[in-house]
Student: 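Take this structure, written in C-alpha coordinates, and hold onto it; I'll ask about it next.
Numbered from 1 within each chain, the chains take letters A, B, ... in sequence-line order.
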There are 2 protein chains.
Amino acid sequence: MTASRTARERVRAELTREITDIARRQLAIEGAGGLSLRAVAREMGMVSSAIYRYFPSRDDLLTALIIDGYNALGAAVEEADKAGPPGDFAGRWLAVCHAVRDWALAHPHEYTLLYGSPVPGYQAPEETIEARLRDVAVFGRIVSQAYEAGALTPPDLAPPAPAALSGDADNLRQIMPGVPDDLIFRGLTAWTGLYGWVNFEVFGQFENTLEERRDGFEQSVRTLGALLGLRPV
Amino acid sequence: MTASRTARERVRAELTREITDIARRQLAIEGAGGLSLRAVAREMGMVSSAIYRYFPSRDDLLTALIIDGYNALGAAVEEADKAGPPGDFAGRWLAVCHAVRDWALAHPHEYTLLYGSPVPGYQAPEETIEARLRDVAVFGRIVSQAYEAGALTPPDLAPPAPAALSGDADNLRQIMPGVPDDLIFRGLTAWTGLYGWVNFEVFGQFENTLEERRDGFEQSVRTLGALLGLRPV
DNA sequence: ATTCGTCAAGAGCGGTGCTCTCGTTTCTTC
DNA sequence: GAAGAAACGAGAGCACCGCTCTTGACGAAT
(Lines give C-alpha, C1' and ligand atoms only; values in the text may rest on other atoms or scores of the structure.)
Protein backbone atom coordinates (compact mmCIF):
# COMPACT_ATOMS: atom_id res chain seq x y z
CA MET A 1 0.00 0.00 0.00
CA THR A 2 1.06 3.56 -0.52
CA ALA A 3 2.35 5.55 2.38
CA SER A 4 -0.13 8.37 1.97
CA ARG A 5 -3.71 7.31 1.54
CA THR A 6 -5.78 8.70 -1.22
CA ALA A 7 -8.36 11.38 -0.57
CA ARG A 8 -11.10 8.86 -1.09
CA GLU A 9 -9.71 6.55 1.56
CA ARG A 10 -9.42 9.40 3.99
CA VAL A 11 -12.97 10.58 3.55
CA ARG A 12 -14.15 7.02 3.73
CA ALA A 13 -12.41 6.47 7.05
CA GLU A 14 -13.80 9.72 8.32
CA LEU A 15 -17.36 8.93 7.29
CA THR A 16 -17.09 5.46 8.77
CA ARG A 17 -16.02 6.99 12.01
CA GLU A 18 -18.82 9.54 11.87
CA ILE A 19 -21.35 6.77 11.38
CA THR A 20 -20.14 4.84 14.40
CA ASP A 21 -20.07 8.03 16.47
CA ILE A 22 -23.65 8.89 15.64
CA ALA A 23 -24.69 5.29 16.12
CA ARG A 24 -23.02 5.20 19.52
CA ARG A 25 -24.84 8.37 20.51
CA GLN A 26 -28.16 6.91 19.43
CA LEU A 27 -27.31 3.71 21.24
CA ALA A 28 -26.68 5.67 24.42
CA ILE A 29 -30.07 7.32 24.14
CA GLU A 30 -32.33 4.56 22.93
CA GLY A 31 -30.50 1.29 23.41
CA ALA A 32 -29.65 -1.38 20.90
CA GLY A 33 -33.23 -1.82 19.75
CA GLY A 34 -33.55 1.84 18.87
CA LEU A 35 -30.47 1.87 16.73
CA SER A 36 -31.74 2.72 13.29
CA LEU A 37 -29.66 2.95 10.15
CA ARG A 38 -32.18 5.37 8.70
CA ALA A 39 -31.89 7.65 11.70
CA VAL A 40 -28.12 7.60 11.44
CA ALA A 41 -28.36 8.42 7.75
CA ARG A 42 -30.82 11.21 8.47
CA GLU A 43 -28.52 12.78 11.00
CA MET A 44 -25.69 12.64 8.51
CA GLY A 45 -27.77 14.21 5.78
CA MET A 46 -27.44 11.09 3.73
CA VAL A 47 -29.96 8.73 2.32
CA SER A 48 -30.31 5.42 4.12
CA SER A 49 -28.99 3.27 1.32
CA ALA A 50 -25.72 5.17 1.32
CA ILE A 51 -24.89 3.80 4.75
CA TYR A 52 -24.68 0.37 3.19
CA ARG A 53 -21.58 1.46 1.33
CA TYR A 54 -19.86 1.57 4.71
CA PHE A 55 -21.58 -1.17 6.66
CA PRO A 56 -23.09 -4.05 4.71
CA SER A 57 -25.77 -4.52 7.35
CA ARG A 58 -27.03 -3.28 10.65
CA ASP A 59 -25.31 -6.20 12.32
CA ASP A 60 -21.93 -5.12 11.01
CA LEU A 61 -22.48 -1.70 12.51
CA LEU A 62 -23.40 -3.39 15.76
CA THR A 63 -20.22 -5.43 15.60
CA ALA A 64 -18.15 -2.28 15.26
CA LEU A 65 -19.88 -0.79 18.29
CA ILE A 66 -19.37 -3.97 20.28
CA ILE A 67 -15.66 -4.10 19.54
CA ASP A 68 -15.33 -0.44 20.49
CA GLY A 69 -17.23 -1.16 23.68
CA TYR A 70 -15.04 -4.08 24.70
CA ASN A 71 -11.98 -1.97 24.08
CA ALA A 72 -13.33 0.97 26.06
CA LEU A 73 -14.24 -1.25 29.00
CA GLY A 74 -10.95 -3.10 28.71
CA ALA A 75 -8.99 0.14 28.68
CA ALA A 76 -10.84 1.43 31.73
CA VAL A 77 -10.15 -1.79 33.59
CA GLU A 78 -6.49 -1.85 32.59
CA GLU A 79 -6.02 1.71 33.71
CA ALA A 80 -7.64 1.05 37.07
CA ASP A 81 -5.36 -1.93 37.54
CA LYS A 82 -2.27 0.17 36.89
CA ALA A 83 -3.28 2.95 39.26
CA GLY A 84 -2.29 1.30 42.53
CA PRO A 85 0.80 -0.53 43.77
CA PRO A 86 1.22 -3.84 41.88
CA GLY A 87 1.74 -5.78 45.09
CA ASP A 88 -1.58 -4.75 46.62
CA PHE A 89 -3.60 -7.50 45.01
CA ALA A 90 -6.72 -6.96 47.09
CA GLY A 91 -6.62 -3.28 46.22
CA ARG A 92 -6.19 -4.07 42.55
CA TRP A 93 -9.16 -6.44 42.64
CA LEU A 94 -11.29 -3.80 44.29
CA ALA A 95 -10.17 -1.07 41.90
CA VAL A 96 -10.82 -3.22 38.89
CA CYS A 97 -14.28 -4.18 40.13
CA HIS A 98 -15.17 -0.55 40.62
CA ALA A 99 -13.84 0.23 37.17
CA VAL A 100 -16.22 -2.30 35.65
CA ARG A 101 -19.16 -0.97 37.62
CA ASP A 102 -18.36 2.67 36.96
CA TRP A 103 -17.98 2.11 33.26
CA ALA A 104 -21.16 0.08 33.10
CA LEU A 105 -23.19 2.72 34.91
CA ALA A 106 -21.73 5.47 32.74
CA HIS A 107 -22.47 3.58 29.52
CA PRO A 108 -25.43 1.36 30.37
CA HIS A 109 -26.52 0.66 26.82
CA GLU A 110 -23.03 -0.12 25.62
CA TYR A 111 -22.56 -2.38 28.61
CA THR A 112 -25.85 -4.05 27.77
CA LEU A 113 -24.52 -4.70 24.30
CA LEU A 114 -21.50 -6.49 25.77
CA TYR A 115 -22.90 -8.35 28.77
CA GLY A 116 -26.66 -8.16 28.39
CA SER A 117 -28.99 -10.47 26.58
CA PRO A 118 -27.87 -11.11 23.04
CA VAL A 119 -29.48 -8.94 20.40
CA PRO A 120 -32.07 -11.13 18.65
CA GLY A 121 -30.82 -12.44 15.37
CA TYR A 122 -27.35 -11.12 15.94
CA GLN A 123 -24.45 -13.53 15.98
CA ALA A 124 -21.17 -12.14 17.27
CA PRO A 125 -18.48 -12.77 14.66
CA GLU A 126 -14.94 -13.97 15.32
CA GLU A 127 -13.48 -10.49 15.26
CA THR A 128 -15.04 -9.63 18.59
CA ILE A 129 -13.36 -12.29 20.70
CA GLU A 130 -9.98 -10.60 20.84
CA ALA A 131 -11.36 -7.36 22.31
CA ARG A 132 -13.73 -9.41 24.45
CA LEU A 133 -10.86 -10.85 26.45
CA ARG A 134 -9.26 -7.56 27.47
CA ASP A 135 -11.11 -7.07 30.74
CA VAL A 136 -11.13 -10.70 31.82
CA ALA A 137 -7.41 -10.90 31.10
CA VAL A 138 -6.84 -8.25 33.74
CA PHE A 139 -8.73 -10.29 36.34
CA GLY A 140 -6.81 -13.38 35.43
CA ARG A 141 -3.52 -11.55 35.72
CA ILE A 142 -4.35 -10.31 39.22
CA VAL A 143 -5.26 -13.77 40.46
CA SER A 144 -2.27 -15.33 38.78
CA GLN A 145 0.23 -12.80 40.10
CA ALA A 146 -1.27 -12.89 43.57
CA TYR A 147 -0.97 -16.65 43.63
CA GLU A 148 2.61 -16.66 42.42
CA ALA A 149 3.48 -14.04 45.02
CA GLY A 150 2.01 -16.29 47.70
CA ALA A 151 -0.44 -13.56 48.63
CA LEU A 152 -3.51 -15.78 48.46
CA THR A 153 -4.75 -17.41 51.65
CA PRO A 154 -8.04 -18.91 50.52
CA PRO A 155 -10.31 -20.15 53.32
CA ASP A 156 -11.28 -23.78 53.04
CA LEU A 157 -15.04 -23.81 52.90
CA ALA A 158 -16.17 -25.59 49.80
CA PRO A 159 -15.48 -29.09 48.56
CA PRO A 160 -12.65 -29.30 46.03
CA ALA A 161 -13.47 -29.08 42.35
CA PRO A 162 -14.51 -32.48 40.97
CA ALA A 163 -12.26 -34.25 38.52
CA ALA A 164 -14.77 -33.72 35.72
CA LEU A 165 -13.82 -30.07 35.75
CA SER A 166 -10.10 -30.52 35.28
CA GLY A 167 -10.36 -30.12 31.53
CA ASP A 168 -12.16 -26.82 31.88
CA ALA A 169 -9.63 -25.77 34.50
CA ASP A 170 -6.87 -26.37 31.98
CA ASN A 171 -8.66 -24.12 29.54
CA LEU A 172 -9.20 -21.40 32.09
CA ARG A 173 -5.56 -21.58 33.09
CA GLN A 174 -4.78 -19.71 29.90
CA ILE A 175 -6.30 -16.75 31.67
CA MET A 176 -4.99 -17.54 35.13
CA PRO A 177 -1.63 -19.23 34.49
CA GLY A 178 -0.15 -21.35 37.24
CA VAL A 179 -3.25 -21.30 39.42
CA PRO A 180 -4.52 -24.62 40.85
CA ASP A 181 -7.93 -25.95 39.90
CA ASP A 182 -9.76 -24.98 43.06
CA LEU A 183 -8.67 -21.38 42.84
CA ILE A 184 -9.51 -21.30 39.16
CA PHE A 185 -13.13 -21.99 39.97
CA ARG A 186 -13.19 -19.59 42.87
CA GLY A 187 -11.92 -17.00 40.44
CA LEU A 188 -14.69 -17.92 38.06
CA THR A 189 -17.23 -17.56 40.86
CA ALA A 190 -15.86 -14.17 41.84
CA TRP A 191 -15.93 -13.09 38.21
CA THR A 192 -19.51 -14.20 37.60
CA GLY A 193 -20.50 -12.68 40.93
CA LEU A 194 -19.04 -9.34 39.96
CA TYR A 195 -20.85 -9.23 36.65
CA GLY A 196 -23.97 -10.62 38.23
CA TRP A 197 -24.13 -7.62 40.50
CA VAL A 198 -23.37 -5.15 37.74
CA ASN A 199 -26.00 -6.76 35.54
CA PHE A 200 -28.60 -6.46 38.27
CA GLU A 201 -27.70 -2.87 38.87
CA VAL A 202 -27.61 -1.81 35.22
CA PHE A 203 -30.76 -3.73 34.36
CA GLY A 204 -32.68 -2.11 37.19
CA GLN A 205 -33.13 -5.20 39.33
CA PHE A 206 -32.15 -3.30 42.48
CA GLU A 207 -34.83 -0.67 41.98
CA ASN A 208 -36.76 -0.14 45.22
CA THR A 209 -34.60 -2.78 46.85
CA LEU A 210 -31.18 -1.31 47.44
CA GLU A 211 -30.25 2.33 47.83
CA GLU A 212 -26.58 2.47 48.80
CA ARG A 213 -25.51 0.51 45.79
CA ARG A 214 -21.91 1.57 45.72
CA ASP A 215 -21.41 0.47 49.30
CA GLY A 216 -23.33 -2.71 48.71
CA PHE A 217 -21.26 -3.45 45.65
CA GLU A 218 -18.03 -2.90 47.50
CA GLN A 219 -19.17 -5.16 50.31
CA SER A 220 -20.06 -7.82 47.78
CA VAL A 221 -16.83 -7.76 45.81
CA ARG A 222 -14.81 -7.62 49.01
CA THR A 223 -16.54 -10.81 50.04
CA LEU A 224 -15.89 -12.35 46.65
CA GLY A 225 -12.26 -11.30 46.89
CA ALA A 226 -11.98 -12.90 50.31
CA LEU A 227 -13.25 -16.07 48.67
CA LEU A 228 -10.05 -16.06 46.63
CA GLY A 229 -7.97 -15.36 49.69
CA LEU A 230 -7.37 -11.74 48.75
CA ARG A 231 -6.84 -9.99 52.06
CA PRO A 232 -6.22 -6.25 52.26
CA VAL A 233 -2.57 -5.41 52.86
CA MET B 1 -70.56 -10.65 38.62
CA THR B 2 -72.79 -13.51 37.68
CA ALA B 3 -71.86 -17.03 38.69
CA SER B 4 -71.82 -18.37 35.17
CA ARG B 5 -70.01 -16.22 32.69
CA THR B 6 -71.63 -15.36 29.42
CA ALA B 7 -70.60 -17.06 26.24
CA ARG B 8 -68.95 -13.87 25.14
CA GLU B 9 -66.81 -13.72 28.23
CA ARG B 10 -65.79 -17.32 27.83
CA VAL B 11 -64.70 -16.96 24.25
CA ARG B 12 -62.90 -13.80 25.13
CA ALA B 13 -60.93 -15.49 27.89
CA GLU B 14 -60.11 -18.34 25.57
CA LEU B 15 -58.89 -16.07 22.79
CA THR B 16 -56.82 -14.08 25.25
CA ARG B 17 -55.21 -17.27 26.38
CA GLU B 18 -54.62 -18.40 22.82
CA ILE B 19 -52.89 -15.12 22.06
CA THR B 20 -50.51 -15.45 24.98
CA ASP B 21 -49.82 -19.07 24.07
CA ILE B 22 -48.89 -18.22 20.52
CA ALA B 23 -46.92 -15.23 21.69
CA ARG B 24 -45.00 -17.40 24.13
CA ARG B 25 -44.20 -19.84 21.37
CA GLN B 26 -42.94 -17.07 19.13
CA LEU B 27 -40.98 -15.68 22.03
CA ALA B 28 -39.33 -19.03 22.53
CA ILE B 29 -38.30 -19.13 18.89
CA GLU B 30 -37.30 -15.59 18.11
CA GLY B 31 -36.85 -13.80 21.40
CA ALA B 32 -38.49 -10.68 22.67
CA GLY B 33 -37.44 -8.59 19.70
CA GLY B 34 -39.07 -10.98 17.26
CA LEU B 35 -42.40 -10.94 19.01
CA SER B 36 -44.77 -9.48 16.48
CA LEU B 37 -48.45 -8.79 16.99
CA ARG B 38 -49.00 -9.20 13.29
CA ALA B 39 -47.41 -12.63 13.31
CA VAL B 40 -49.55 -13.70 16.25
CA ALA B 41 -52.62 -12.47 14.44
CA ARG B 42 -51.58 -14.27 11.28
CA GLU B 43 -51.18 -17.52 13.15
CA MET B 44 -54.64 -17.10 14.64
CA GLY B 45 -56.18 -16.35 11.28
CA MET B 46 -57.09 -12.91 12.48
CA VAL B 47 -56.23 -9.52 11.22
CA SER B 48 -53.67 -7.64 13.25
CA SER B 49 -55.98 -4.92 14.43
CA ALA B 50 -58.23 -7.46 16.10
CA ILE B 51 -55.51 -8.31 18.59
CA TYR B 52 -55.87 -4.83 20.00
CA ARG B 53 -59.28 -5.77 21.32
CA TYR B 54 -57.47 -8.06 23.74
CA PHE B 55 -54.19 -6.30 24.38
CA PRO B 56 -54.15 -2.52 24.03
CA SER B 57 -50.50 -2.59 22.98
CA ARG B 58 -47.54 -4.83 22.42
CA ASP B 59 -46.21 -3.85 25.82
CA ASP B 60 -49.32 -5.14 27.53
CA LEU B 61 -48.86 -8.47 25.85
CA LEU B 62 -45.26 -8.44 27.01
CA THR B 63 -46.40 -7.71 30.54
CA ALA B 64 -48.69 -10.72 30.48
CA LEU B 65 -45.82 -12.91 29.32
CA ILE B 66 -43.51 -11.50 31.97
CA ILE B 67 -45.96 -12.18 34.77
CA ASP B 68 -46.47 -15.70 33.47
CA GLY B 69 -42.72 -16.14 33.34
CA TYR B 70 -42.16 -15.00 36.91
CA ASN B 71 -44.86 -17.32 38.07
CA ALA B 72 -43.49 -20.28 36.13
CA LEU B 73 -39.99 -19.70 37.47
CA GLY B 74 -41.33 -19.09 40.95
CA ALA B 75 -43.37 -22.28 40.86
CA ALA B 76 -40.37 -24.31 39.69
CA VAL B 77 -38.25 -22.87 42.48
CA GLU B 78 -40.90 -23.46 45.11
CA GLU B 79 -41.34 -27.03 44.02
CA ALA B 80 -37.62 -27.71 44.14
CA ASP B 81 -37.50 -26.27 47.63
CA LYS B 82 -40.23 -28.57 48.83
CA ALA B 83 -38.69 -31.71 47.34
CA GLY B 84 -36.05 -32.37 49.99
CA PRO B 85 -36.08 -32.49 53.80
CA PRO B 86 -36.78 -29.01 55.22
CA GLY B 87 -33.89 -29.25 57.64
CA ASP B 88 -31.27 -29.80 54.94
CA PHE B 89 -30.70 -26.15 54.23
CA ALA B 90 -27.59 -26.68 52.13
CA GLY B 91 -29.49 -29.21 50.06
CA ARG B 92 -32.39 -26.84 49.63
CA TRP B 93 -30.07 -24.06 48.51
CA LEU B 94 -28.46 -26.37 45.98
CA ALA B 95 -31.80 -27.68 44.72
CA VAL B 96 -33.21 -24.22 44.34
CA CYS B 97 -30.15 -23.00 42.46
CA HIS B 98 -30.41 -25.90 40.06
CA ALA B 99 -34.09 -25.17 39.62
CA VAL B 100 -33.31 -21.64 38.53
CA ARG B 101 -30.63 -22.79 36.13
CA ASP B 102 -32.70 -25.63 34.71
CA TRP B 103 -35.70 -23.42 34.13
CA ALA B 104 -33.57 -20.71 32.56
CA LEU B 105 -31.87 -23.14 30.18
CA ALA B 106 -35.22 -24.68 29.26
CA HIS B 107 -36.83 -21.29 28.60
CA PRO B 108 -33.94 -19.03 27.65
CA HIS B 109 -36.01 -16.32 26.01
CA GLU B 110 -38.51 -16.16 28.81
CA TYR B 111 -35.67 -16.02 31.29
CA THR B 112 -34.14 -13.22 29.25
CA LEU B 113 -37.40 -11.34 29.53
CA LEU B 114 -37.22 -11.61 33.30
CA TYR B 115 -33.54 -11.19 34.09
CA GLY B 116 -31.96 -9.98 30.88
CA SER B 117 -31.50 -6.50 29.59
CA PRO B 118 -34.71 -4.52 29.69
CA VAL B 119 -36.70 -4.46 26.48
CA PRO B 120 -36.10 -1.04 24.92
CA GLY B 121 -38.98 1.32 25.49
CA TYR B 122 -40.73 -1.10 27.81
CA GLN B 123 -41.43 -0.09 31.36
CA ALA B 124 -42.51 -2.85 33.70
CA PRO B 125 -45.79 -1.87 35.34
CA GLU B 126 -46.71 -2.33 38.99
CA GLU B 127 -48.57 -5.55 38.37
CA THR B 128 -45.34 -7.45 37.74
CA ILE B 129 -43.69 -6.88 41.12
CA GLU B 130 -45.82 -9.35 43.00
CA ALA B 131 -44.93 -12.28 40.74
CA ARG B 132 -41.37 -10.98 40.57
CA LEU B 133 -40.79 -11.74 44.24
CA ARG B 134 -41.80 -15.37 44.17
CA ASP B 135 -38.40 -16.89 43.50
CA VAL B 136 -36.41 -14.51 45.67
CA ALA B 137 -38.82 -15.14 48.52
CA VAL B 138 -37.82 -18.79 48.48
CA PHE B 139 -34.15 -17.89 48.81
CA GLY B 140 -34.90 -15.53 51.65
CA ARG B 141 -36.90 -18.17 53.42
CA ILE B 142 -34.08 -20.70 53.24
CA VAL B 143 -31.53 -18.27 54.65
CA SER B 144 -33.92 -17.10 57.31
CA GLN B 145 -34.94 -20.57 58.43
CA ALA B 146 -31.36 -21.81 58.40
CA TYR B 147 -30.28 -18.92 60.56
CA GLU B 148 -33.10 -19.41 63.03
CA ALA B 149 -32.27 -23.10 63.23
CA GLY B 150 -28.67 -22.22 64.04
CA ALA B 151 -27.53 -24.11 60.98
CA LEU B 152 -25.39 -21.29 59.60
CA THR B 153 -21.70 -21.23 60.44
CA PRO B 154 -20.44 -18.43 58.21
CA PRO B 155 -16.66 -18.18 57.91
CA ASP B 156 -15.25 -14.82 58.92
CA LEU B 157 -13.42 -13.57 55.90
CA ALA B 158 -14.75 -10.20 54.91
CA PRO B 159 -15.03 -6.96 56.85
CA PRO B 160 -18.44 -6.38 58.43
CA ALA B 161 -21.02 -4.42 56.50
CA PRO B 162 -20.55 -0.68 56.97
CA ALA B 163 -23.11 1.30 58.91
CA ALA B 164 -24.23 3.07 55.75
CA LEU B 165 -25.82 -0.17 54.64
CA SER B 166 -27.96 -0.73 57.72
CA GLY B 167 -30.96 0.97 56.12
CA ASP B 168 -30.79 -1.29 53.11
CA ALA B 169 -30.32 -4.26 55.40
CA ASP B 170 -33.57 -3.35 57.13
CA ASN B 171 -35.31 -3.35 53.78
CA LEU B 172 -33.83 -6.68 52.77
CA ARG B 173 -34.84 -8.16 56.08
CA GLN B 174 -38.38 -8.27 54.74
CA ILE B 175 -37.11 -11.08 52.56
CA MET B 176 -34.76 -12.62 55.11
CA PRO B 177 -36.47 -12.00 58.46
CA GLY B 178 -34.37 -12.14 61.58
CA VAL B 179 -31.05 -12.34 59.77
CA PRO B 180 -28.24 -10.00 60.91
CA ASP B 181 -26.81 -7.39 58.57
CA ASP B 182 -23.65 -9.23 57.61
CA LEU B 183 -25.51 -12.33 56.57
CA ILE B 184 -28.04 -10.25 54.69
CA PHE B 185 -25.32 -9.01 52.41
CA ARG B 186 -23.72 -12.37 52.07
CA GLY B 187 -27.11 -13.60 50.99
CA LEU B 188 -27.30 -10.79 48.49
CA THR B 189 -23.89 -11.73 47.16
CA ALA B 190 -24.86 -15.37 46.84
CA TRP B 191 -28.06 -14.36 45.10
CA THR B 192 -26.36 -12.06 42.59
CA GLY B 193 -23.67 -14.67 42.10
CA LEU B 194 -26.23 -17.30 41.24
CA TYR B 195 -27.99 -15.14 38.70
CA GLY B 196 -24.67 -13.87 37.41
CA TRP B 197 -23.71 -17.39 36.49
CA VAL B 198 -27.08 -18.19 34.96
CA ASN B 199 -26.98 -14.96 32.98
CA PHE B 200 -23.55 -15.79 31.62
CA GLU B 201 -24.66 -19.27 30.68
CA VAL B 202 -27.96 -18.27 29.06
CA PHE B 203 -26.43 -15.31 27.25
CA GLY B 204 -23.68 -17.46 25.79
CA GLN B 205 -20.77 -15.93 27.67
CA PHE B 206 -19.36 -19.36 28.47
CA GLU B 207 -19.19 -20.38 24.84
CA ASN B 208 -15.76 -21.86 24.05
CA THR B 209 -14.76 -21.26 27.64
CA LEU B 210 -16.48 -23.82 29.79
CA GLU B 211 -17.77 -27.21 28.80
CA GLU B 212 -18.93 -28.95 31.98
CA ARG B 213 -21.29 -26.18 32.88
CA ARG B 214 -23.51 -28.11 35.21
CA ASP B 215 -20.56 -29.21 37.28
CA GLY B 216 -19.06 -25.76 37.18
CA PHE B 217 -22.36 -24.25 38.25
CA GLU B 218 -22.70 -26.63 41.14
CA GLN B 219 -19.18 -25.91 42.27
CA SER B 220 -19.91 -22.21 42.12
CA VAL B 221 -23.18 -22.25 44.05
CA ARG B 222 -21.68 -24.62 46.59
CA THR B 223 -18.98 -22.06 47.17
CA LEU B 224 -21.55 -19.29 47.40
CA GLY B 225 -23.55 -21.38 49.84
CA ALA B 226 -20.47 -21.92 51.96
CA LEU B 227 -20.14 -18.16 52.05
CA LEU B 228 -23.39 -18.11 53.95
CA GLY B 229 -22.24 -20.88 56.23
CA LEU B 230 -24.43 -23.48 54.55
CA ARG B 231 -22.61 -26.75 55.11
CA PRO B 232 -23.93 -30.04 53.76
CA VAL B 233 -25.59 -32.16 56.43
C1' DA C 1 -88.10 -5.88 18.29
C1' DT C 2 -84.95 -2.41 18.94
C1' DT C 3 -81.10 -0.55 21.00
C1' DC C 4 -76.40 -0.84 22.36
C1' DG C 5 -71.89 -2.74 23.10
C1' DT C 6 -68.54 -5.89 21.18
C1' DC C 7 -66.15 -7.63 17.56
C1' DA C 8 -63.29 -8.67 13.05
C1' DA C 9 -61.94 -6.56 9.04
C1' DG C 10 -59.78 -3.26 6.14
C1' DA C 11 -57.33 0.81 4.86
C1' DG C 12 -53.85 3.69 6.11
C1' DC C 13 -49.81 6.27 8.67
C1' DG C 14 -45.09 6.49 9.63
C1' DG C 15 -41.48 3.77 10.67
C1' DT C 16 -37.86 -0.18 9.84
C1' DG C 17 -33.83 -3.11 7.21
C1' DC C 18 -32.47 -3.99 2.89
C1' DT C 19 -32.00 -4.30 -2.49
C1' DC C 20 -31.55 -2.60 -7.01
C1' DT C 21 -30.73 0.78 -10.44
C1' DC C 22 -28.84 4.99 -12.21
C1' DG C 23 -25.91 8.78 -13.02
C1' DT C 24 -21.81 10.86 -11.10
C1' DT C 25 -17.28 11.19 -9.17
C1' DT C 26 -12.82 9.52 -8.19
C1' DC C 27 -8.89 6.59 -8.74
C1' DT C 28 -5.95 3.69 -11.65
C1' DT C 29 -3.84 2.27 -15.76
C1' DC C 30 -2.18 2.80 -20.14
C1' DG D 1 -3.89 13.13 -20.78
C1' DA D 2 -7.55 9.84 -21.96
C1' DA D 3 -10.05 5.47 -21.11
C1' DG D 4 -11.66 2.05 -18.08
C1' DA D 5 -12.72 0.50 -13.46
C1' DA D 6 -14.17 1.09 -9.00
C1' DA D 7 -16.58 3.59 -5.51
C1' DC D 8 -20.22 6.52 -4.36
C1' DG D 9 -24.92 9.10 -3.22
C1' DA D 10 -29.57 9.32 -4.46
C1' DG D 11 -33.92 7.42 -5.26
C1' DA D 12 -37.54 4.10 -5.75
C1' DG D 13 -39.33 0.09 -4.01
C1' DC D 14 -40.18 -4.43 -1.25
C1' DA D 15 -41.83 -6.60 2.83
C1' DC D 16 -42.27 -5.95 7.36
C1' DC D 17 -43.51 -3.57 11.88
C1' DG D 18 -46.83 -1.15 15.79
C1' DC D 19 -50.73 1.30 15.90
C1' DT D 20 -55.19 4.11 14.69
C1' DC D 21 -59.58 4.85 12.71
C1' DT D 22 -63.74 3.60 10.38
C1' DT D 23 -67.14 0.39 8.85
C1' DG D 24 -70.38 -3.15 8.99
C1' DA D 25 -72.04 -7.40 11.27
C1' DC D 26 -73.38 -9.88 15.23
C1' DG D 27 -75.19 -11.01 19.87
C1' DA D 28 -77.15 -9.70 24.32
C1' DA D 29 -80.08 -6.97 27.20
C1' DT D 30 -84.14 -4.10 27.50
Student: Classify the nucleic acid contact of Leu61(B) as base, sugar-phosphate or nothing, counting any heavy atom under 4.0 Å across all strands shown.
Tutor: nothing

Student: Rounded to whole angstroms, how far apart are CG on Leu37(B) and P on dA8(C)?
Tutor: 14 Å

Student: Is any NZ, NE, NH1 or NH2 atom of the basic residue among Glu14(B) and Arg10(B) found under 4.0 Å from an Asp or Glu carboxylate oxygen of the other?
Tutor: no

Student: Roughly how many Å is it from CD in Glu14(B) to C1' in dT6(C), rounded to a whole number?
Tutor: 17 Å

Student: If the threshold is 4.0 Å, N to carboxylate O, is there a salt bridge linking Arg173(A) and Asp181(A)?
Tutor: yes

Student: Can you pull out every side chain to side chain donor-acceptor pair (under 3.5 Å) where at least one residue sits in residues 34-51 of chain B? Sequence neighbours excluded, please.
Tutor: Arg25(B)-Glu43(B)

Student: Remember a base hit wins even if backbone is also touched, and classify Ile51(B) as base, sugar-phosphate or nothing at under 4.0 Å, heavy atoms.
Tutor: nothing

Student: State, to 0.1 Å, how close Gln205(A) and Tyr70(B) come at their nearest heavy-atom pair, and which atoms those are.
Tutor: NE2-OH, 4.0 Å

Student: Could you encode protein contacts along nucleotides 19-30 of chain C as a string, one character per nucleotide from 5' to 3', using B for base contact, S for sugar-phosphate-only contact and - for no contact, with a heavy-atom cut-off of under 4.0 Å?
Tutor: BB----BBSS--

Student: Give a yes/no on whether any side-chain N or O of Arg12(B) is located under 4.0 angstrom from OP1 or OP2 of dC7(C).
Tutor: yes

Student: Would you say Arg42(B) reaches dC17(D)'s phosphate, i.e. side-chain N/O to OP1/OP2 under 4.0 Å?
Tutor: yes

Student: Quickly work out the Ile19(A) CD1 to dG9(D) C1' distance and round it to whole Å.
Tutor: 12 Å

Student: Touch check for Phe55(A), heavy atoms < 4.0 angstrom, all strands: base, sugar-phosphate only, or nothing?
Tutor: nothing

Student: Mapping Arg38(A) and Gly45(A) to their closest nucleotides on DNA chain D, which lands nearer the 5' end?
Tutor: Gly45(A)

Student: With a 4.0 Å limit, can you tell me whether Ser57(A) has a side-chain N or O closer than that to the phosphate oxygens OP1/OP2 of dG17(C)?
Tutor: no

Student: Do any N or O atoms from the side chain of Arg134(B) and from the backbone of Glu78(B) form a donor-acceptor pair under 3.5 angstrom?
Tutor: no

Student: Between Phe203(A) and Tyr115(B), does the ring centroid distance fall short of 6.0 Å?
Tutor: no

Student: How would you list, by chain and number, every residue that makes a ring pair (Phe, Tyr, Trp, His ring centres under 6.0 Å) with Phe185(A), sequence neighbours excluded?
Tutor: none

Student: Round to a whole Å and report the spacing from CZ of Arg58(A) to C1' of dG17(C).
Tutor: 8 Å

Student: Measure from CE on Met46(B) to C1' on dG10(C) and round the result to the nearest Å.
Tutor: 14 Å

Student: Which nucleotide, dC8(D), dA10(D), dC7(C), lies nearest any side-chain atom of Val47(A)?
Tutor: dA10(D)

Student: Find the distance Leu62(B):CG to dC17(D):P and express it as a whole number of Å.
Tutor: 15 Å

